[in-house]
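Written out below as structure tokens is the structure these notes cover.
Numbering starts at 1 and runs along the sequence shown. None of these values were measured; they are calculated from a predicted model.
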Amino acid sequence: MSVSGVRRVVGGLSVFAVSAGFAVVAGVGVAGAAPVTAEFNSDGYKVTRTISNGTPSEGDVITSKTVFKRTAAVHNLYAVRDFHPACMTYVDGSATVNGSAFRVNEVATDSVRLSAGATEWPMWGGDVKTFEFQYRVGADCARGTDLSTTVHFDGTVFVDDTTNGRGPSINVQKNVSTTTLSPTSGVKLGQPVPLSATVTGGADGDSVEFFDGATKVGAGALANGVATLAWTPADVRTHSVTAKYLGNAKVATSTSSAVDVVVSE
């Protein structure tokens with residue numbers, strides 16, 4: 001058995017390269033959910049696996065689709081086990097075979113298994129069967145790293161394919177955050193200014209930095225979604241102040257709009 005290809009379906013101009021039997025499609029102009037696909041050959045089958053969104057966010061529901069095309073003599077599939085990242089959960093009732101709902105034999109932490117009778121899934125040369133499963137992306141998924149998927153399948157004539165790491169992989173994106181800096185007024189030279197930034201999506205203890213133009217003037221930690229800083233301006237003028245939330249392992253950074261702070265004598 002050999003891996004014959006992995007590709008990402010994207011918008012814009014694409015470049016196709018083949019090296020040592022491994023194919024990759026890349027492109028520019030990706031917008032929204034982009035499917036990712038992996039292909040391989042095994043035991044007289046061409047197997048094509050597609051994940052409906054290779055870069056989902058927490059809470060998204062993705063579809064794993066595996067297409068088996070028989071390229072050799074007649075054969076009977078017995079079982080198909082679809083593997084997903086353990087941080088995702090199977091959506092009950094979503095399993096289908098050739099578009100029709102099918103009974104689930106086992107739902108494990110990292111996989112779902114369907115099985116059939118000895119002659120329920122006959123596969124003649126050129127026959128195709130499509131298996132689909134849906135999963136919900138959980139809060140525990142690591143962000144910005146490739147999470148593996150694969151498929152195992154059993155059948156007659158001693159077919160028992162348990163190869164891992166075939167993909168395609170899923171890369172869960174960081175949660176979105178927003179940062180808002182509260183306006184201030186009546187600021188006098190030499191007096192501290194109470195800067196206050198409100199962050200949605202962050203966690204208590206995360207850091208927020210405050211800037212006067214491009215100059216960092218201090219930082220504060222989030223508490224109940226708010227970070228504060230007592231800042232004393234050094235001169236009389238209008239200062240353009242912003243707040244930047246630094247994010248964490250699961251939440252992306254964000255920067256507020258600039259707020260003009262007028263400092264007078």
Side-chain angles (χ1 to χ4, degrees), residues 1 3-9 32-57 59-138 141 147-170 172:
M1 62 189 72
V3 175
S4 64
V6 177
R7 63 178 180 269
R8 180 177 293 270
V9 183
V36 286
T37 300
E39 295 176 345
F40 60 91
N41 297 311
S42 175
D43 293 306
Y45 286 97
K46 178 181 178 180
V47 183
T48 304
R49 285 179 49 74
T50 302
I51 302 297
S52 60
N53 183 4
T55 54
S57 300
D60 286 351
V61 173
I62 62 173
T63 299
S64 171
K65 179 171 74 174
T66 302
V67 179
F68 292 87
K69 181 177 181 180
R70 188 63 182 164
T71 58
V74 64
H75 180 258
N76 288 285
L77 283 175
Y78 284 164
V80 172
R81 182 184 289 274
D82 191 75
F83 283 84
H84 60 85
C87 62
M88 301 182 185
T89 53
Y90 170 67
V91 177
D92 289 340
S94 66
T96 65
V97 179
N98 282 0
S100 298
F102 200 86
R103 62 185 179 274
V104 173
N105 300 95
E106 180 187 354
V107 177
T109 302
D110 63 349
S111 62
V112 179
R113 182 178 184 271
L114 306 182
S115 64
T119 59
E120 191 172 351
W121 292 338
M123 299 290 286
W124 295 81
D127 278 357
V128 172
K129 280 201 181 300
T130 301
F131 297 80
E132 291 187 289
F133 307 84
Q134 289 187 335
Y135 306 107
R136 187 176 302 278
V137 179
C141 288
L147 306 176
S148 65
T149 74
T150 196
V151 65
H152 294 174
F153 59 97
D154 302 334
T156 54
V157 229
F158 306 107
V159 169
D160 184 15
D161 187 316
T162 58
T163 305
N164 292 320
R166 282 173 165 154
S169 60
I170 303 170
V172 179

Can I get a per-line list of side-chain donor-acceptor pairs under 3.5 Å for residues 73-80, giving both atom names and the distance, sequence neighbours left out?
residue	atom	partner	partner atom	Å
His75	ND1	Tyr45	OH	2.6
His75	NE2	Thr156	N	3.2
His75	NE2	Thr156	O	2.7
His75	NE2	Thr156	OG1	3.4

From CA spacing to verdict: side chain to side chain contact (heavy atoms under 4.5 Å, CB included), Thr150, Thr163 = CA-CA 8 Å; Thr150 196; Thr163 305; 5.8 Å; no
So, the side chain of [X] versus the backbone of [Y]: is there a donor-acceptor pair under 3.5 Å, distance only?
| X | Y | result |
| --- | --- | --- |
| Thr71 | Gly44 | yes |
| Asp43 | Val159 | no |
| Thr149 | His84 | no |
| Asn98 | Thr130 | yes |

Separation of [Y] [atom2] from [X] [atom1] (nearest 0.5 Å):
| X | Y | atom1 | atom2 | answer |
| --- | --- | --- | --- | --- |
| Arg113 | Asp82 | CZ | CG | 13.0 Å |
| Arg81 | Phe133 | CZ | CZ | 10.0 Å |
| Leu114 | Asn105 | CG | CG | 6.5 Å |
| Thr66 | Ile51 | OG1 | CD1 | 7.5 Å |
| Phe68 | Arg49 | CZ | CZ | 8.5 Å |

Less than 4.5 Å apart, side chain to side chain, heavy atoms only: is that true for [X] and [Y]?
| X | Y | result |
| --- | --- | --- |
| Ser42 | Arg166 | yes |
| Val112 | Tyr135 | yes |
| Met88 | Ile170 | yes |
| Ile62 | Ser52 | yes |

Pairwise ring-ring contact (aromatic ring centres under 6.0 Å, His included) hits with a residue in residues 86-120, at least two apart = Phe102-Trp121
Identify, with sequence neighbours excluded, every residue that meets side chain to side chain donor-acceptor pair (under 3.5 Å) alongside Asn164.
->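 Applying side chain to side chain donor-acceptor pair (under 3.5 Å) to Asn164 gives His152.
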Could you pull out all residues at least two apart from Arg70 that satisfy side chain to side chain donor-acceptor pair (under 3.5 Å)?
-> none
Please check if atom NZ in Lys129 has more than 12 non-hydrogen atoms from other residues, nucleotides or ligands closer than 6.0 Å.
-> yes
Not counting sequence neighbours, which residues clear side-chain contact (heavy atoms from CB on, under 4.5 Å) with Thr96? List them please.
->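 Residues passing side-chain contact (heavy atoms from CB on, under 4.5 Å) with Thr96: Glu132.
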Partners passing side-chain contact (heavy atoms from CB on, under 4.5 Å) against Ser100 (at least two apart in sequence or in another chain) | none
Which heavy atom of Gly167 sits nearest a heavy atom of Ala38, and at what distance?
-> C-CB, 3.8 Å
Heavy-atom pair with the smallest gap, counting every atom of Leu147 and Pro85 =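 Nearest pair, atom of Leu147 first, then Pro85: CB-CG, 3.7 Å.
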